[in-house]
Every structure is written in C-alpha cells, then in structure tokens.
S.K.: 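First, the structure itself, so that you have it in front of you.
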Number of protein chains: 2
Amino acid sequence: MRASVPISVNGLKTACSQCNLVELCLPFGMSDSDLDQLDELVGARRKVKRQQNLYRAGDPFEAIYAIRAGSFKTDVVLEDGRDQVTGFQMTGEILGLDGISTGTHSCNAVALEDSEVCVISYAKLEELSHKVEGLQLQFHKVMSREIVRDHGVMMLLGSMRAEERLAAFLLNMSQRFTARGFSAAEFHLRMTREEIGSYLGLKLETVSRAFSRFQEEGLIGVQQKHIRLLDTAGLRKLIQHQTAGGGR
Amino acid sequence: MRASVPISVNGLKTACSQCNLVELCLPFGMSDSDLDQLDELVGARRKVKRQQNLYRAGDPFEAIYAIRAGSFKTDVVLEDGRDQVTGFQMTGEILGLDGISTGTHSCNAVALEDSEVCVISYAKLEELSHKVEGLQLQFHKVMSREIVRDHGVMMLLGSMRAEERLAAFLLNMSQRFTARGFSAAEFHLRMTREEIGSYLGLKLETVSRAFSRFQEEGLIGVQQKHIRLLDTAGLRKLIQHQTAGGGR
DNA sequence: CTTCGCCGTTGATCCATGTCAACCAAAAAA
DNA sequence: TTTTTTGGTTGACATGGATCAACGGCGAAG
C-alpha cells in the first residue's frame with residue numbers, strides 16, 4: 001500500500017488516513033476528503049523509551065504529539081522540588097498543548113513504557129487549519145476537551161476523599177481502555193502507586209491502602225499493577241454516595 | 001467620539017480596535033490591520049447582574065465571552081450536589097471555552113458583581129480564523145493558557161498546604177489586578193470565603209483562619225473582602241519554603 | 001541460579017484540616 | 001430607624017490522610 005510514498009526515517013510513511021487510531025485522535029470526525037489532506041501534517045514519528053522525556057518544561061515549543069503506541073505522564077515541578085502529575089495519556093491522545101501559550105513547554109512529558117508518537121509541527125498545523133475545513137474545529141475540540149478534563153481533576157482534588165478519587169481514577173482508566181478495544185474489567189496500569197498518588201493528590205501509602213480496602217470489599221482484584229474491576233457499580237456508587245452531610 | 005458608528009442595542013457599537021482591554025483580551029498581540037477585521041467579530045454585549053448565570057452546565061454552546069467589565073466564577077457540580085469552583089475570571093479574560101468540546105457547556109459561569117461581556121459567536125470566530133492571519137494563533141494561545149493555568153491549580157490542590165494555597169491565591173490575584181492597572185498591594189475580593197475555599201479545596205473556616213494567621217504575622221491586612229498585601233516577599237517565601245522533607 | 005533494588009503492603013502514630021457550634025459585623029430589607 | 005439575612009471569625013474537638021518504619025516480593029542484572 002502507498003508504495004509510491006518515500007520511506008521515512010522510521011521505515012513507514014505516517015498517514016492519518018491509514019491509521020487505526022483515527023477514531024481516537026486529532027482527525028476524529030473529519031470527512032474523508034479532509035482526512036486525505038491531513039497526511040502531510042505528520043512529519044515523522046519518534047520513539048521514546050520508558051522513563052525518557054518526550055519534552056521537558058522549558059523546552060521550546062515546536063510541535064504537538066499524537067501518541068501512536070504506549071503511554072505517558074505529564075508533570076509540573078515547583079522550585080522547591082515538589083511535583084505533581086497532571087495527567088496520564090494513552091494512544092490517540094495529544095501531548096504538548098501546554099506549549100502554545102508561551103512558546104515554551106510548561107510541563108514534562110515522560111514515557112511510562114516504550115512508546116511512539118507522531119510529531120505534528122505546530123506551524124504546519126496552523127497553516128493547514130486555514131485550508132482544511134474541519135481540522136480547526138477538531139483541534140479546538142481537542143484543546144477544549146483537555147480543559148474539561150482538567151476541571152474534572154480539580155473537582156477530584158478539591159472535593160473528593162481518597163477512596164472516591166481512586167474509584168474515579170479506576171473507572172476513568174477502564175473507560176479509556178474500553179475505547180481502545182481493551183477489556184473494561186481487566187487491565188494493566190503502567191504507572192506506580194507513587195505516580196497515581198501524585199496525580200490524585202495522595203501519598204503512595206494511601207493509594208496502596210485504598211487498593212487493599214477495595215479488594216477486601218470485593219470491588220476489585222489487585223495484583224501489583226494488574227487490576228480487575230469486579231463491581232463497577234459499587235465503585236460508581238462510592239463516588240456519589242459520600243458520607244452524610246457533604247464531603248470535604 | 002465614534003459618532004459615525006451605528007448605535008447598537010447597548011448604546012455603543014462594540015469594537016475590539018477601540019477597546020482599552022485589547023492588551024489583556026483575545027486580540028492581544030495582533031497587528032492593527034488584523035485588529036480592524038476583528039470588529040465584526042463581537043456581535044453584541046450582554047449585561048449580567050450579580051449572582052446571575054452567564055451560562056449553565058448543559059446549555060448549548062454557541063459563543064464564547066470576553067469580560068468587558070466585572071468578574072465571574074466558574075464551577076462544576078457533581079450529581080450528589082458537591083461543587084467546586086474551577087476559576088475566577090476578570091476583565092479581558094475569556095469564558096466558555098469548555099463548551100467547544102461537546103457543544104454543550106460543562107460548567108456554570110456566574111457573575112460575582114454586575115458585569116458585562118462581549119458575545120463572540122463561535123461560528124463567526126471559526127470563520128474569521130480562516131481569514132484573519134493571527135487570530136487563530138491568539139485563540140490557541142488563550143486556550144493553551146487556560147490549560148497551563150489549570151495545571152497550576154492542580155499543583156496547588158494536589159501538593160500544597162492550606163496556607164500555601166491561600167498565599168498563592170493572593171499573589172495571583174495581586175498580579176492580575178496589577179495587569180489591569182490597579183494596585184498590586186491593595187484590592188477588593190469579589191468572592192466569599194466559601195468560594196475561595198471551594199476554589200482552593202478548603203473549608204471556609206480554614207480560609208478564614210489562614211487570613212487571620214497571615215494578618216497576625218504581618219503579611220497582610222484584612223478587613224472583610226478588602227485586602228492589603230504588606231509583605232509579598234514573605235508570602236512568596238511561604239509557598240516555596242515548605243516544612244522540611246517535602247509537603248503532602 | 002542468585003543477588004540487588006525498586007515497588008508495594010501494612011502497622012503505629014501524629015497532625016492539618018474538617019466539623020460543629022457560638023457569636024459578631026456588615027449589608028440588605030423593611 | 002430597626003430587623004433580618006448573609007458572611008466572617010473563632011473555639012473545641014474529631015478524623016482522614018500523612019508520616020515513619022519495617023518487611024516482603026517481583027523483576028532485572030549478573
């Protein structure tokens with residue numbers, strides 16, 4: 001297929017129109033004709049090994065990245081060394097949007113496993129957005145979705161208790177695995193307890209204890225990073241049904 | 001002045017090029033020629049009385065709003081009634097970006113005082129972005145800035161202690177008042193202790209106590225909503241210099 | 001195979017912040 | 001003006017999650 005296209009650095013020309021992640025990624029919802037025009041958008045792919053940075057806070061912003069394989073975390077660091085995981089990203093999700101604002105990345109993106117991303121030059125994206133009907137809207141939706149997601153995390157951090165936070169986290173992971181064709185009830189977490197804790201505003205011990213409690217109560221099965229959701233309804237109820245009188 | 005321009009519903013034709021908030025608002029950084037083309041962007045102004053909603057979660061998304069006068073809060077509400085203030089917005093700032101993602105607003109925007117906004121039809125914004133060089137980038141920057149701001153709030157909620165959160169909040173307010181030509185050291189908060197608490201993930205009593213402590217320590221002067229910053233360096237130090245060994 | 005280091009679990013204790021309650025001050029209503 | 005309502009302060013006490021510490025197991029490296 002597409003034999004006439006020059007071979008890229010990574011051996012295969014990247015093409016959104018040929019990618020099985022379209023449904024999850026930037027081009028979601030775009031017409032076929034628009035989609036074809038998109039193939040020039042993705043310049044190259046880039047492999048990032050586990051624990052390596054895709055970019056760091058302070059790096060000049062030049063491109064955004066679509067995750068083709070693997071997963072990442074993003075975190076921000078305070079001068080005094082405290083840091084906070086601001087998100088976990090899976091295939092099809094977009095990284096790097098934080099850089100547009102100032103032209104400099106404001107957080108770190110680190111691969112949680114050996115991963116690969118599509119490099120999307122921001123200059124090219126801007127240019128193409130003027131031409132390709134639909135791309136602009138899609139891009140705006142991606143950014144807006146990130147804002148809405150962030151508001152959800154604020155809600156979680158600002159007004160939920162430890163077990164509620166973890167339940168919300170697990171349900172969210174499940175939903176995202178499902179969207180990618182994996183089991184909704186059984187999955188492998190790529191991040192450590194400490195990283196989960198940082199994301200949820202909790203200490204790793206608290207995360208571990210909450211996992212154990214959930215297991216005792218028959219809500220989930222835990223073996224290290226391998227999770228089975230046994231009672232999603234129960235988890236959902238846990239989030240809504242706070243202890244009488246209003247939570248924190 | 002501007003006698004030749006037709007009188008709009010609100011008595012004055014809105015025009016970005018004539019607005020003294022350009023420096024803070026969407027058109028920031030755009031060329032004069034671009035700016036002139038923008039004047040058709042703002043359809044109308046809308047007055048919102050104190051405590052009234054500019055929009056509600058669930059409302060269909062049609063426009064974004066630039067604050068011309070006054071201030072707002074945005075909040076999200078969980079099914080069980082718990083709610084969380086996700087931000088406070090001042091003149092020149094943009095509201096409504098959350099709606100692009102799904103076509104439906106995902107949070108409430110409420111005026112903290114009698115306010116006025118410029119209504120920017122999103123459809124028109126999209127259209128103009130294709131034509132006006134520079135508008136697209138500016139809009140992207142506005143969205144990206146919101147994402148970066150949200151990450152800062154996550155940091156605050158996830159890894160700072162009560163007094164650190166309040167200090168960060170006060171310094172942030174001061175900085176934003178300054179950008180609007182008001183005193184950096186003395187200002188009037190438009191929101192209640194409860195709203196501040198909700199934003200910072202704290203109870204109103206905790207906010208009140210932190211204010212009192214700051215006052216005792218000579219860092220600030222408090223009289224109800226009227227705040228004087230007496231020792232901004234001290235406040236800044238408070239944020240960085242956590243209790244030995246790493247905070248929460 | 002063995003060793004080492006990281007990650008996760010669990011227990012005991014402490015403390016920051018939540019909760020409950022009383023009271024006061026300012027602003028709004030009458 | 002007086003009354004009422006709302007918002008803010010402060011105290012006493014309760015508690016969820018942090019902290020400190022010990023230990024166990026899996027996986028990587030040799």
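Values in this document were obtained by computation on a predicted structure and should not be read as measured data. Chain identifiers are assigned alphabetically (A, B, ...) following the order of the sequence lines, protein sequences preceding nucleic acid strands; residue numbering begins at 1 within each chain.
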S.K.: Are any of the side-chain heavy atoms of Met191(B) and Tyr199(B) separated by less than 4.5 Å?
M.R.: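 In short, these two side chains do not touch, never coming nearer than 4.5 Å.
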S.K.: Expressed in angstrom and rounded to an integer, what is the separation of Gln215(A) atom CD from dT9(C) atom P?
M.R.: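 For the pair Gln215(A) CD and dT9(C) P, the rounded distance is 9 Å.
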S.K.: Can you measure from CG (Leu26(B)) to OH (Tyr65(B)) and round to the nearest 0.5 angstrom?
M.R.: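 Between Leu26(B) CG and Tyr65(B) OH, I get 15.0 Å after rounding to 0.5 Å.
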S.K.: If I take atom CD in residue Glu194(B) and atom P in nucleotide dT19(C), what distance separates them, rounded to the nearest angstrom?
M.R.: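 Nearest whole value for this atom pair: 12 Å.
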S.K.: Let me know the distance between CG of Leu166(A) and P of dG8(C), rounded to the nearest Å.
M.R.: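 That distance rounds to 13 Å.
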S.K.: Over all strands shown, is Ser208(B) touching base, sugar-phosphate only, or nothing at heavy-atom distances under 4.0 angstrom?
M.R.: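 Base contact.
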S.K.: How many angstroms lie between CD1 in Ile100(B) and CE in Met143(B), if you round to the nearest 0.5 Å?
M.R.: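 The distance works out to 3.5 Å.
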S.K.: Please tell me which of the listed nucleotides, dC7(C), dC20(D), dT19(C), lies nearest to the side chain of Arg209(A)?
M.R.: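 Side chain of Arg209(A) sits closest to dC20(D).
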S.K.: Considering heavy-atom distances to DNA chain D, does Leu204(A) or Thr192(B) have its closest nucleotide positioned more toward the 5' end?
M.R.: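 Between the two, 5'-proximity favours Thr192(B).
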S.K.: Without decimals, in angstroms, what is the distance between Met191(A) CE and dC7(C) P?
M.R.: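 The answer, rounded to whole Å, is 14 Å.
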S.K.: If each of Thr206(B) and Arg50(B) is mapped to the nucleotide of DNA chain C with the nearest heavy atom, which maps nearer the 5' terminus, i.e. the 5' end?
M.R.: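 That would be Thr206(B).
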S.K.: Does Glu195(A) make a side-chain donor-acceptor contact with the base of dC7(C), cut-off 3.5 Å?
M.R.: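 Result: no qualifying N/O pair found.
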S.K.: Could you check whether any side-chain heavy atom of Arg82(A) comes within less than 4.5 Å of a side-chain heavy atom of Glu164(B), counting everything from C-beta outward?
M.R.: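 The answer is yes; the side chains approach within 4.5 Å.
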S.K.: Could you tell me the separation between the CZ atom of Arg165(A) and the C1' atom of dG16(D), rounded to a whole number of Å?
M.R.: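 Between C1' of dG16(D) and CZ of Arg165(A): 11 Å.
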S.K.: Of all heavy-atom pairs between Gly197(A) and Val207(A), which one has the smallest distance, and what is that distance?
M.R.: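 Heavy atoms only, the tightest pair is CA-CG2, 3.5 Å.
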S.K.: I'd like a table of donor-acceptor pairs (distance under 3.5 Å, sequence neighbours excluded) in which one partner is a side-chain atom from residues 166-187 of chain A, with atom names and distances.
M.R.:
unit_1, atom_1, unit_2, atom_2, d
Asn172(A), OD1, Arg176(A), NH1, 3.0
Ser174(A), OG, Ala184(A), O, 2.6
Arg176(A), NE, Glu93(A), OE2, 3.4
Arg176(A), NH2, Phe88(A), O, 2.5
Arg176(A), NH2, Glu93(A), OE1, 3.0
Thr178(A), OG1, Ser174(A), O, 2.7
Arg180(A), NE, Thr91(A), O, 2.8
Arg180(A), NE, Thr91(A), OG1, 3.2
Arg180(A), NH1, Arg176(A), O, 2.9
Arg180(A), NH2, Thr91(A), O, 2.8
Ser183(A), OG, Ala185(A), N, 3.0
Ser183(A), OG, Glu186(A), N, 3.1
Glu186(A), OE2, His226(A), NE2, 3.0

S.K.: Would you kindly give the CZ-to-C1' distance between Arg213(A) and dG11(C), to the nearest whole Å?
M.R.: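 Result: 14 Å.
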S.K.: Mind calculating the distance between CG (Leu189(B)) and P (dG7(D)) to the nearest angstrom?
M.R.: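 To the nearest whole Å, that distance equals 15 Å.
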S.K.: Among dT19(C), dT17(C), dG8(C), which nucleotide has an atom closest to any side-chain atom of Glu205(B)?
M.R.: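 The nucleotide sitting nearest to the side chain is dT19(C).
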S.K.: Looking at the side chain of Lys203(A), which of dT19(D), dT10(D), dG18(C) is the nearest nucleotide?
M.R.: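 From the listed options, dT19(D) comes nearest.
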S.K.: Treat primed atoms plus P, OP1 and OP2 as sugar-phosphate and everything else as base, then score nucleotides 24-30 of chain D 5' to 3': B for base contact with protein heavy atoms under 4.0 Å, S for sugar-phosphate contact only, - for none.
M.R.: -------
S.K.: Once you measure the plane-to-plane angle for Phe61(B) and His105(B), does it fall in the parallel (<30°), tilted (30-60°) or perpendicular (>60°) bin?
M.R.: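 If you compare the ring of Phe61(B) with that of His105(B), the planes turn out perpendicular.
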S.K.: Expressed in angstrom and rounded to an integer, what is the separation of Arg193(B) atom CZ from dA27(C) atom P?
M.R.: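 Answer to the nearest Å: 13 Å.
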